[in-house]
Amino acid sequence: MSDECVFCQIAAGEIPAQVLLEDEEAIVFHDLNPQAPTHLLVIPRRHVESTGTLETEDGELAGHLLLTAARAARQAGIHDSGYRVVANTGNEGGQTVPHLHLHVLGGRPMSWPPG
Ligand code: AMP
Ligand code: ZN
C-alpha cells in the first residue's frame with residue numbers, strides 16, 4: 001500500500017467509495033466524476049502504478065482485472081448494450097491517478113476515436 005495513493009486508501013477502506021463488487025484481488029466502484037451513465041473503476045487491491053509497470057508475473061492479476069470488468073458490466077446491466085473498457089496510461093494517456101485502474105463505461109453510445 002502507498003499511503004499517498006487514493007485508490008490504495010479506497011482498497012483499505014480508509015476513504016469511502018460506492019463499491020459494486022469486490023474479491024480478494026480487486027475492487028469495483030463507481031467513478032466520482034462519471035463520464036457516462038455507468039462509469040465504474042476496476043482496481044487491484046495491491047498497488048500497481050499502471051499497465052506500463054505490470055510485470056510478467058502479474059499476468060494472472062491483469063487477466064483477473066479484465067474478467068472482473070466483464071463481471072461488473074454484467075452486474076451493472078450494461079453487458080447486453082455494450083460498453084467500453086479503458087486503461088489510461090501515463091501522461092499522454094490521460095492517467096491522473098497512478099494506481100492501475102480499468103474504466104468501464106456504458107449506458108450511452110461511445111464514439112471513436114477517443115479525445
Ligand atoms: P484516470 O484519469 O484515468 O487516472 O482516472 C482516474 C479516475 O478516478 C477519474 O475518472 C476520477 O474521476 C476518478 N476518481 C478520483 N478519485 C476518486 C474517488 N475518490 N472515488 C472515485 N473515483 C475517483
Ligand atoms: Zn495505490
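Counting starts at 1 for both ligands and their atoms, in listed order. Sequence positions, counted from 1, serve as the residue numbers for this chain. Please read all numbers here as calculations on a predicted model, not as lab measurements.
The NE2 atom of His47 sits 10.5 Å away from atom CD of Glu4, with the distance rounded to the nearest 0.5 Å. Rounded to the nearest 0.5 Å, atoms NE2 (His79) and CZ (Arg71) are 14.0 Å apart.
Closest approach of Ile43 to Ala11, counting heavy atoms only: CD1-CB, 4.4 Å.
The only option from Leu20, Asp31, Val86, Ile78 that meets the side chain to side chain contact (heavy atoms under 4.5 Å, CB included) definition with Val104 turns out to be Ile78.
His39 meets the ring-ring contact (aromatic ring centres under 6.0 Å, His included) test with His103; sequence neighbours excluded.
Under a hydrophobic-cluster definition in which Ile, Leu, Val, Met, Phe, Trp and Tyr are linked whenever side-chain heavy atoms come within less than 4.5 Å, directly or via other members, Val85 and Leu61 are assigned to the same cluster.
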Report each N/O pair between ligand 1 and the protein that falls under 3.5 Å, naming both atoms.
| residue | atom | partner | partner atom | Å |
| --- | --- | --- | --- | --- |
| ligand 1 | 2 (O) | Gly94 | O | 3.1 |
| ligand 1 | 2 (O) | Thr96 | N | 3.3 |
| ligand 1 | 2 (O) | Thr96 | OG1 | 2.7 |
| ligand 1 | 3 (O) | Asn88 | ND2 | 2.8 |
| ligand 1 | 3 (O) | His101 | NE2 | 3.0 |
| ligand 1 | 3 (O) | His103 | NE2 | 2.8 |
| ligand 1 | 4 (O) | Thr96 | N | 2.7 |
| ligand 1 | 4 (O) | Thr96 | OG1 | 3.2 |
| ligand 1 | 4 (O) | Val97 | N | 3.0 |
| ligand 1 | 4 (O) | His101 | NE2 | 2.9 |
| ligand 1 | 5 (O) | His101 | NE2 | 3.0 |
| ligand 1 | 5 (O) | His103 | NE2 | 3.2 |
| ligand 1 | 10 (O) | Asp31 | OD1 | 3.2 |
| ligand 1 | 10 (O) | Asp31 | OD2 | 2.5 |
| ligand 1 | 12 (O) | Asp31 | OD1 | 2.5 |
| ligand 1 | 22 (N) | Leu32 | N | 3.1 |

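A 6.0 Å sphere centred on CD of Glu57 holds more than 12 heavy atoms belonging to other residues, nucleotides or ligands.
With the Zn ion (ligand 2) as the vertex, atom ND1 of His99 and atom SG of Cys5 span an angle of 100° (nearest 10 degrees). The Zn ion (ligand 2) lies at the vertex of an angle of 110° between the ND1 atom of His47 and the SG atom of Cys8 (rounded to 10°).
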